[in-house]
Amino acid sequence: MKITATKIPDLLIIEPKVFRDERGFFMESFNQACFNESVGKEILFVQDNHSKSSKGVLRGMHYQLEPAAQGKLVRCTSGAVFDVAVDIRPQSNNYGEWVGLILSEENNLQFWIPEGFAHGFLVLTETAEFMYKTTNYYNPLYERGFAWNDSHVDIDWPEVENIVLSDKDKLQPLFDTK
Ligand SMILES: Cc1cn([C@H]2C[C@H](O)[C@@H](COP(=O)(O)OP(=O)(O)O[C@H]3O[C@@H](C)C(=O)[C@@H](O)[C@H]3O)O2)c(=O)[nH]c1=O
C-alpha cells in the first residue's frame, strides 16, 4: 500500500498493492491496521456505500455537519470518475481549496477524505460504480452541500458533454466564503 499526501496534507491518495496472475488480480481493498498507520490515528468506519451512475452524472458537493460529519474512504470499482474533495474547515489555511483526481477500475486508487471536507465526483465512462466507507451514519438532517460549479471554489472538472444532476444537487446553494 502506497500513501501519497496531496497539497492539502490531510487528503491522502492510497494505492493498494495489486497481485496480478493468470486468473486476474487480488488486492486488499481495506486493511484496518495499515489504514490507521497511514492516517496516524484510529479511524472507525460504520457504513459502506455503493452507487452506480452513467456518464456525465455528477454527485456533489456533499457533506454532513457535526455531530454527523463523515470521513470517507472512496474508490471506483468499475469505470472511471473524477473525484473531488473541498476543504470546508473554517480554521484551515486551505479553506475553499480543492483536490481532484481520477479514480478508476484501472488505477485502483483510493482517496481518504476526512471530516471537514465536501465531496463529489463526475462519471467519465459509460457507467461507473463507486464504493466508499464512512465514519458516521447517513443522517439527512445534517446533510448539506454546495453547487458543483461554484465560481469561488472553481473546480476544474474534466469536459463531459452532458452533466446530469439530482434534483437536490440542482438546487444546492453557493459555497459559503465566510
Ligand atoms: C448517501 C445516502 C443516501 N441514501 C438514500 C437517500 C436518497 O433517497 C438516495 C440517494 O441519495 P443521494 O441523492 O443523496 O445520493 P448521492 O448523491 O450519491 O449522495 C452521495 O454523494 C457522494 C458524492 C457523497 O459524498 C456521499 O456522502 C453522498 O452524499 O439514497 C441513504 O439511504 N443512505 C446514504 O448514506
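Whatever order the structure lists them in is the order used to number ligands and atoms, beginning at 1. Computed over heavy atoms, backbone and side chain alike; hydrogens, waters and symmetry mates excluded. Keep in mind it's a predicted model, so treat the numbers as computed, not measured.
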- Query: Between Lys55 and Glu161, does at least one N-O distance fall below 4.0 Å, as a salt bridge requires?
  - Reply: no

- Message: Counting C-beta onward and ignoring hydrogens, is there a side-chain heavy-atom pair between Val99 and Lys7 closer than 4.5 Å?
- Response: yes

Review item, side-chain donor-acceptor pairs of residues 66-80, under 3.5 Å, at least two apart:
from: Gln70; atom 1: NE2; to: Asn136; atom 2: O; distance (Å): 2.9

- Message: Do Leu101 and Leu122 land in one hydrophobic cluster if side-chain heavy atoms of ILVMFWY residues count as linked below 4.5 Å?
- Response: no

- Quick one: do Arg89 and Glu115 satisfy salt bridge (Lys or Arg N to Asp or Glu O under 4.0 Å)? Show the steps, please. CA-CA 9 Å; Arg89 300 169 297 181; Glu115 294 174 8; over 6 Å; no

- Assess Lys133 against Phe30: is NZ or CZ under 6.0 Å from the centre of the six-membered ring, and within 45 degrees of the ring's axis? yes

Write none if no such pair exists; otherwise list each N/O atom of ligand 1 with its protein N/O partner under 3.5 Å and the distance.
from: ligand 1; atom 1: 14 (O); to: Lys168; atom 2: NZ; distance (Å): 2.6
from: ligand 1; atom 1: 18 (O); to: Arg59; atom 2: NH1; distance (Å): 2.8
from: ligand 1; atom 1: 19 (O); to: His62; atom 2: ND1; distance (Å): 3.4
from: ligand 1; atom 1: 21 (O); to: His62; atom 2: ND1; distance (Å): 2.8
from: ligand 1; atom 1: 25 (O); to: Lys72; atom 2: NZ; distance (Å): 2.9
from: ligand 1; atom 1: 25 (O); to: His119; atom 2: ND1; distance (Å): 2.6
from: ligand 1; atom 1: 27 (O); to: Lys72; atom 2: NZ; distance (Å): 2.8
from: ligand 1; atom 1: 29 (O); to: His62; atom 2: ND1; distance (Å): 2.8
from: ligand 1; atom 1: 35 (O); to: Gln47; atom 2: NE2; distance (Å): 2.9

